[in-house]
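See structure below.
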Number of protein chains: 2
Amino acid sequence: MATTEDGSFPGSEESFRSPAQAAVVGLFRMSDRARRTLAEALRPRDLTLQQFNVLRILRGAGDGGLPTLTIADRMVEQTPGVTRLLDRLQKQGWIERRRDPGDRRRVVACITLEGRQVLEAVDEPFARAEEDIFRDWAEEDVRALARLLHNGPP
Amino acid sequence: MATTEDGSFPGSEESFRSPAQAAVVGLFRMSDRARRTLAEALRPRDLTLQQFNVLRILRGAGDGGLPTLTIADRMVEQTPGVTRLLDRLQKQGWIERRRDPGDRRRVVACITLEGRQVLEAVDEPFARAEEDIFRDWAEEDVRALARLLHNGPP
DNA sequence: GCGGGATGGTTGACGCGTCATCGAATGTCG
DNA sequence: CGACATTCGATGACGCGTCAACCATCCCGC
């Protein structure tokens, strides 16, 4: 990539002080675009992106369910957010919660039948939205992006 | 990149159904990491990332200031968020707002001296944080990432 | 000049993310 | 056994993002 005379790095129109800055700006813009596209696919069912994530995690966990903190770990999120996320999912009837009899501090969440159903209903639109994000990209570039993003250390 | 036998795409540990899915997951994870790193650099001054963004935009706009919707355009955000963001900045004394006499629907926001000062105080820690995000990356990869992200159509 | 649409912005309501704080159950160590 | 620390999770408070509804101002055509 060429560097302009003043040492800045050209994007489409903007210019940046460093490759890192250019990457960060692009990262935020792109992930914002992705977030909106995916959210739109879930909206007809009144699911948010985070709710969808939790439901998928719980579906993957099977009938045993998962304690709150384990869910929080699998998302990158802090606990309080997860507690309230689960509150809302429970209010919708998509999950159930019960105390773990073996360790009564734990609250185990478990997806319900209704939860599975709403999940099934959005699974395919969601997958389509995922592909749609990169509709105008060369497949080779999507692979390159994924490879780059999964390289860096934790 | 190799493809596994079942057609999935390996990341470090996970596997994905498609390059798009791998890219999206990586995108979210990476941009989340970046967000936290940058936010941490602003925290000592009690600035949030969005507040910092608006202040930088206003500093760039000079003494004339900018109307609310113009600010909203430069961020990717909806108007209502910006209105309340400006409320908070004003409460901190970092911006001033006045009605445009030429078009009294418009509210023009303008950075104050205090705003400039807090911005100066975080400018350099912020830039360091930006570089820090890619501390463990090869510079070539950072450039490649930036190039990919600034390629795709709007 | 005036009536109706367009434009600029605010407000209400709700979900999410995060910090700090807290209560309850468990574990540990004397 | 009993005090203390630790772990799991909930709650309060605040900032952000978004939708829907609203008010004020401007603009345009008649």
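Because only heavy atoms are used, hydrogens play no part in the values below, and waters and symmetry mates are left out as well, while side chains stay in. As the structure is a computational prediction, the values presented were derived from the model and not from experiment. To find a chain, count down the sequence lines: A is the first, B the second, and so on, and within it residues start at 1.
For dC16(C), the OP1/OP2 oxygens have a side-chain nitrogen or oxygen of Thr48(A) closer than 4.0 Å. OP1 or OP2 of dT18(C) sits under 4.0 Å from a side-chain N or O of Arg36(B). Residue Arg97(B) has no polar side-chain atom (N or O) positioned under 4.0 Å from OP1 or OP2 of dG8(C). When the side-chain nitrogen and oxygen atoms of Arg104(A) are compared with OP1 and OP2 of dT7(D), none of them lie within a distance under 4.0 Å. For the OP1/OP2 pair of dG17(C) and a distance below 4.0 Å, the side-chain nitrogens and oxygens of Gln50(A) include at least one atom meeting the criterion. Neither OP1 nor OP2 of dG9(C) sits under 4.0 Å from any side-chain N or O of Thr83(B).
Comparing dT18(D), dC26(D), dT11(D) by their closest approach to the side chain of Gln78(B) singles out dT18(D). The side chain of Pro80(A) lies closest to dA20(C), out of dG9(C), dA20(C), dG15(C). Picking from dA13(C), dC8(D), dC19(C) the nucleotide with the shortest atom distance to the side chain of Arg84(B) gives dA13(C). The side chain of Arg106(A) sits closest to dC8(D) out of dG17(D), dG15(D), dC8(D).
Judged by distance alone with a 3.5 Å cut-off, a donor-acceptor contact links the side chain of Arg105(A) to the base of dT7(D).
For residues 54-70 of chain B, proximity to DNA chain C is found at Pro67(B), Thr68(B), Leu69(B), defined as any non-hydrogen atom under 4.0 angstrom from a strand atom.
For the pair Leu86(B) and Leu49(A), nearest-nucleotide mapping onto DNA chain C gives the more 5' position to Leu86(B).
With rounding to whole Å, Ile71(B) atom CD1 is found 12 Å from dG9(C) atom C1'.
Here the CD-CG distance, from Glu114(B) to Leu55(B), works out to 11.5 Å after rounding to the nearest 0.5 Å.
Contact annotation for Leu85(A): backbone-only contact, meaning every heavy-atom pair under 4.0 Å involves sugar-phosphate atoms and none involves a base.
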